[in-house]
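For ligands, and for the atoms within them, numbers begin at 1 and follow the listed sequence. Because only heavy atoms are used, hydrogens play no part in the values below, and waters and symmetry mates are left out as well, while side chains stay in.
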Amino acid sequence: MTTGELSTSTAGRARLPESLRETLAGHYYTDPAIFHAEQERIFETGWFCAVHSADLTRPGQFETVQIGRESVLVTRARSGEIKAYLNVCRHRGARLCTEDEGEVRRSFQCPYHAWTYSLDGKLIAAPNLGAMDDIDRDEYGLHQVHVREWLGYAWLCLAEQPPSFEDTVIQDVTDRLGTPDAIVGYQVADLKLGRRIEYDVKANWKQIVENFMECYHCATIHPELTEVLPEFADGLAAQYFVGHGAEFGAGVEGFTVDGSAGLEKLPGVDEDQDRRYYAITVRPQVFINLVPDHVVFHRMFPLAPDRTLVRCDWLYLPEVVDSGADIDRSVELFHRVNQQDFDACERCQLAMDSRSYRDGGVLVPSEHHIGDFHDWVRKHIG
Ligand code: FES
Ligand SMILES: [Fe+2]
């Protein structure tokens, strides 16, 4: 069949030319029932990248994170391990910590009736507890959430039986880079936070994933990025080819807003990775961007069908951050890309309830791989 002839789409919704593939229907981006199903069957069942481990350096430092419908309390225990618990008191269910972040000295005490939990989640004190000697203090400790540290981040899983971390998170990186070893040289876990910017995006989380996966939009909305990576002007995303990193333009010295020199190359980065940009989507909520001298790490926190908080970390060698070296030009490049991308996502979100988009839109060939992400979403939520 040649381009221009018609084929029947999988949903049978419309006959599409072969060069087009259907998107999800508009209500997938606005319907509270769909969002609820995603919370339950995607965010509460898989691995969720929650906290930068270096943000919890001392025992008792904590952050609270929304994962699906649950608030999760993440802290560092005295053993040095990162621990995570459902943020719910085992007595009558009061929210234990209402702050986004903070620090306790040695325990978490519920403000309601003062049930008190150690940093490793055990019930250690409660009014009249001594008189109730049939209460098992482990049994009435906080409900634990699975934790796995990788790339310097704490990834959490609310499922009782988590899926294999290797077959999900690490496999997504491998599928993109071609080999699990390709990310090792960047030594992401040893890098230090140089800058963090949060974006409160008025768009569904899937808009943000889809936008990150394609580069059909690069020539229109990313002038600075396309200047640094001229092949992006063709619209084929770095994620389109397995193992391919987009090459810096001939006159470009570094991954900076004006193409001027960046910082020293990370010592473990291979020659064939030098002067290249790799973009990785780790479903459902992480983007990793690798360039020779730094790493840009996005975490998404879906808050509502039409609202997603994006936390973007720029990570550098510790000595670069400690020396006060100028990172502004490298931060500015991806900050502009983020703003340009999130503006586009918000623009699309406005139309999702329109009757014009009731059956969705279409994907051109350079976007067809987004259809695989749609299949992944459908498979999970049924
Ligand atoms: S609800 Fe927490 S101590 Fe009563
Ligand atoms: Fe973009």
Side-chain angles (χ1 to χ4, degrees), residues 64 71 73 85-99 104 107-118 121-132 135 137 139-143 176 197 199 201 203-240 245-246 255 257 277-281 286-291 296-298 300 308 310 312 331-349 363-364 366-367 369-370 373:
T64 56
S71 172
L73 171 62
Y85 313 103
L86 296 185
N87 188 10
V88 176
C89 178
R90 292 298 308 282
H91 174 221
R92 296 254 309 284
R95 173 74 72 240
L96 208 50
C97 297
T98 49
E99 306 89 342
V104 295
S107 58
F108 293 99
Q109 185 173 70
C110 178
Y112 195 0
H113 314 88
W115 279 35
T116 304
Y117 305 91
S118 67
K122 192 171 167 179
L123 177 64
I124 49 171
N128 310 328
L129 186 63
M132 298 178 273
I135 293 185
R137 296 174 182 215
E139 178 70 24
Y140 285 89
L142 298 172
H143 277 135
R176 167 67 191 94
I197 301 180
Y199 305 84
V201 186
N204 184 271
W205 67 277
K206 298 188 293 302
Q207 296 276 4
I208 300 172
V209 173
E210 292 161 17
N211 171 81
F212 187 75
M213 291 179 79
E214 54 96 356
C215 200
Y216 193 43
H217 66 267
C218 289
T220 30
I221 71 171
H222 296 318
E224 302 86 356
L225 184 66
T226 311
E227 206 51 50
V228 172
L229 306 172
E231 67 186 83
F232 273 12
D234 297 337
L236 290 179
Q239 303 194 49
Y240 196 78
F255 197 74
V257 71
Y277 162 78
Y278 298 86
I280 306 160
T281 305
V286 170
F287 309 142
I288 307 169
N289 306 271
L290 306 173
V291 287
V296 184
F297 198 104
H298 295 79
M300 289 196 296
T308 308
V310 184
C312 185
V331 170
E332 184 63 17
L333 175 54
F334 228 93
H335 174 51
R336 286 197 199 176
V337 169
N338 284 338
Q339 289 176 314
Q340 292 154 351
D341 279 332
F342 301 151
D343 281 353
C345 294
E346 292 185 347
R347 182 180 286 265
C348 287
Q349 185 68 28
L363 302 168
V364 301
S366 62
E367 302 170 304
H369 56 295
I370 294 174
F373 168 65

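From the protein, the heavy atom lying nearest to atom 1 (S) of ligand 1 is Arg92 N, 3.4 Å. Atom 4 (Fe) of ligand 1 has its closest protein heavy atom at His113 ND1, 2.0 Å.
In this structure, a donor-acceptor pair under 3.5 Å is present between the side chains of Glu224 and Gln340.
The ligand atoms of ligand 1 that sit less than 4.0 angstrom from a heavy atom of Trp115 are 3 (S). Those atoms of ligand 1 with a heavy atom of Cys110 less than 4.0 angstrom away are 1 (S), 2 (Fe), 3 (S). Of all atoms in ligand 1, listed by their number and element, those nearer than 4.0 Å to a heavy atom of Ala114 are 3 (S). For ligand 1, the atoms lying closer than 4.0 Å to a non-hydrogen atom of Ala94 are 1 (S).
Among the atoms of His91, an N, O or S atom is found under 2.8 Å from atom 4 (Fe) of ligand 1. At a cut-off of 2.8 Å, Cys218 is not counted among the residues with an N, O or S atom near the Fe ion (ligand 2). Inclusion of Glu214 in the first shell of the Fe ion (ligand 2) is not supported: no N, O or S atom falls under 2.8 Å. Coordination check, Cys215 versus the Fe ion (ligand 2): failed, since every N/O/S atom of the residue sits at 2.8 Å or beyond.
Taking a cutoff of 4.0 Å between a charged side-chain nitrogen and a carboxylate oxygen, Arg336 and Glu332 qualify as a salt bridge.
Counting heavy atoms from C-beta outward, Trp205 and Val310 have side chains that stay 4.5 Å or more apart. Val228 is not listed as a side-chain neighbour of Tyr277, based on a closest heavy-atom distance of 4.5 Å or more. Residues Asn289 and Tyr278 form no side-chain contact, since every pair of their non-hydrogen atoms from C-beta on lies 4.5 Å or further apart.
None of Val286, Ile288, Asn338 except one satisfies the side chain to side chain contact (heavy atoms under 4.5 Å, CB included) rule with His298; the exception is Asn338.
The two residues Gly245 and Glu231 come nearest to each other via the heavy atoms O-OE1, 4.5 Å.
Formation of a donor-acceptor pair under 3.5 Å by the His91 side chain with backbone atoms of Trp115 is not found in this model.
Rounded to 10°, the angle that NE2 of His217 and OD2 of Asp341 form at the Fe ion (ligand 2) is 140°.
In this structure, Phe342 has its ring center closer than 6.0 angstrom to the ring center of Tyr199.
Residue-level proximity to ligand 1 for Ala126 is absent, since no heavy atom of it falls below 4.0 angstrom. Under 4.0 angstrom from ligand 1, the non-hydrogen atoms of Cys89 all belong to its side chain.
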